[in-house]
Amino acid sequence: MKNPFESTILQLEEASKYLDIPNLVMSLLSKPERIIEVFLPLRLDNKELKIVKGYRVQYNSWRGPYKGGLRYHQKVDLNEVKALSLWMMIKNAVCDVPFGGGKGGIEIDPKTLSKTELKELTRLFAKMLTPNIGPTVDVPAPDVNTNAKILDWFVDQYEQNVKTQNSNVKFTELKAVATGKSIENGGSEGREEATGLGGYYVLEELIKKMGLKKPLTVAVQGFGNVGSHLAALLCQNGYKVVALSDSKGGIYDQSGDGFNIDLVKTCKLERGLIADCYCIGTVCDLAEKKKGEITNEDLLELPVDILVPAALENVITEKNADKIKAKIVFEMANGPTSLEGDKILHGRGIPVVPDVLANSGGVTVSYFEWYQNMHGEHWKLEEVKDKLKEKMTDAFKNVWNIHEEKKVDLRTGAYILALRRLHESYKKLNK
Ligand code: NAD
């Protein structure tokens, strides 16, 4: 089996057959421009020293500064970060924001760290990356296990480093070194829910095109930033979210009525586990509760209209793609479907809305945040939402049109759109 990076390069090559792109350009696009590997000397609370490995892959800068999140996870490795940075390059071109692609990560389970240790680790990472990042160079953001608090620490450290070197720099612009910050620290209204909201706008367009009528049942894997916001929006807008999960397992409402996401959110906060939230808002006994519990593997194979992987990569593969019963796979996680899994779903006529389109709302509002910082502006939430809706609808329509014109699946359609735009930028830079 190919790793996600190699698979994506193959898919890009497949898409390039529909365009007239020189081999040199394809060859440049198949390698990152720069890979940064760091070893962070983290002093633990017990005074022991732990060396922690981190990466930043600056994949491509033809369309603008490198842009992409920072992931803290015990399974982070160079291949994963390379794949994630390549997807960012494609995504930023699909949703047409003026950024290239990048991604970073630290190989650590942040749940094993105290708050002080997590803050120290983030500061060390920012210190190490300072010479290679900046508002017009490389702009990180949140990803799995990172959030506004962590990005605030990151930006604060970066500002300290830059100000000690140069006292004339403009303060507001420095904030644009990263997005997904808290509002008080220069973040944008709507950034936290942006990925879920962007996904919701795309899904609404898709069901119109497919002529599907609500209520539609949905299973969402992953209940973090992305999964929880999307699930709440779907629940408020006529969908029935019948299955949910986190890393420890999930719950399934066989009646088809769906969960009240606000109640599940509160329950997850109180009890820590989605699997403990089946009975929330109802009276049910232990036997019923047991019946409602499912594994993450079961969730993927449920008979629902829409399956939303919103956790990690490679969960739909050649091992389970023929067992998927959903009518649509809507990729809110990055890279949840392997190349082999994708082919099986395509062969079975199940449309897969690719990550580079479905979850591009996050980076779109990151662009809005960056723009506001660079221009000293602060937009109201409604303005952010309106602009996001327009961007997501445009991106969806562009991908859909290529899918219809060229008779290709939606992922190939998105890759064709991205390649076309990347090639245009390359030509402008090399006139
Ligand atoms: P998060 O850390 O907020 O949440 C991740 C969720 O996935 C948690 O509920 C966790 O319990 C669950 N999870 C972890 N391992 C799992 C497993 N093995 N099986 C099932 N669930 C598991 O992360 P997030 O920001 O919501 O990111 C989720 C996905 O969306 C990632 O693929 C990320 O790259 C992608 N994404 C995030 C953003 C963003 O703005 N945060 C933007 C675009 C794409």
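For reference, positions follow the sequence shown, starting with 1. Counting convention: from 1, in listed order, for ligands and their atoms alike. Excluded from the calculations below are hydrogen atoms, water molecules and symmetry mates; all remaining heavy atoms, backbone and side chain alike, are included.
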Under a heavy-atom criterion of less than 4.0 Å, does R71 contact ligand 1? yes

Presence of salt bridge, R420 and E424, under 4.0 angstrom: no

Say whether [X], considering both its backbone and side-chain N or O atoms, lies within less than 3.5 Å of an N or O atom on ligand 1.
X: N225; answer: yes
X: E313; answer: no
X: H73; answer: no
X: T195; answer: yes
X: A333; answer: no
X: G224; answer: yes
X: Q221; answer: no
X: K103; answer: no
X: N334; answer: yes
X: P142; answer: no

Applying a heavy-atom cut-off of 4.0 Å, say which part of S360 lies close to ligand 1: side chain, backbone, both or neither.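 None of S360 does.
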
Side chain, backbone, both or neither: the part of E193 lying under 4.0 Å from ligand 1 by heavy atom: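 No part of E193 is near ligand 1 at this cut-off.
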
Atom 23 (O) of ligand 1 [closest protein heavy-atom partner, distance rounded to 0.1 Å]: V144 CA, 3.6 Å

Look at atom 24 (P) of ligand 1 and say which protein heavy atom is nearest, naming residue and atom and giving the distance to 0.1 Å. V226 CG2, 3.9 Å

Distance filter under 4.0 Å to N296 heavy atoms, resulting ligand 1 atoms: 19 (N), 20 (C)

Candidates A194, G180, S247, G222; heavy atom nearest atom 16 (C) of ligand 1 found on S247

Set of residues satisfying salt bridge (Lys or Arg N to Asp or Glu O under 4.0 Å) with respect to K82, sequence neighbours excluded: none

Test item: side-chain donor near acceptor, S338 and T317, under 3.5 Å: no

Does anything in residues 135-158 pair up under salt bridge (charged side-chain N to carboxylate O under 4.0 Å, His left out), and if so which pairs, sequence neighbours excluded?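 Listed by first then second residue: R56-D138, R71-D143, K103-D143, R123-D156.
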
Distance check, rounded to the nearest 0.5 Å: Y200 atom OH versus L230 atom CG?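 Between atom OH of Y200 and atom CG of L230 there are 10.0 Å.
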
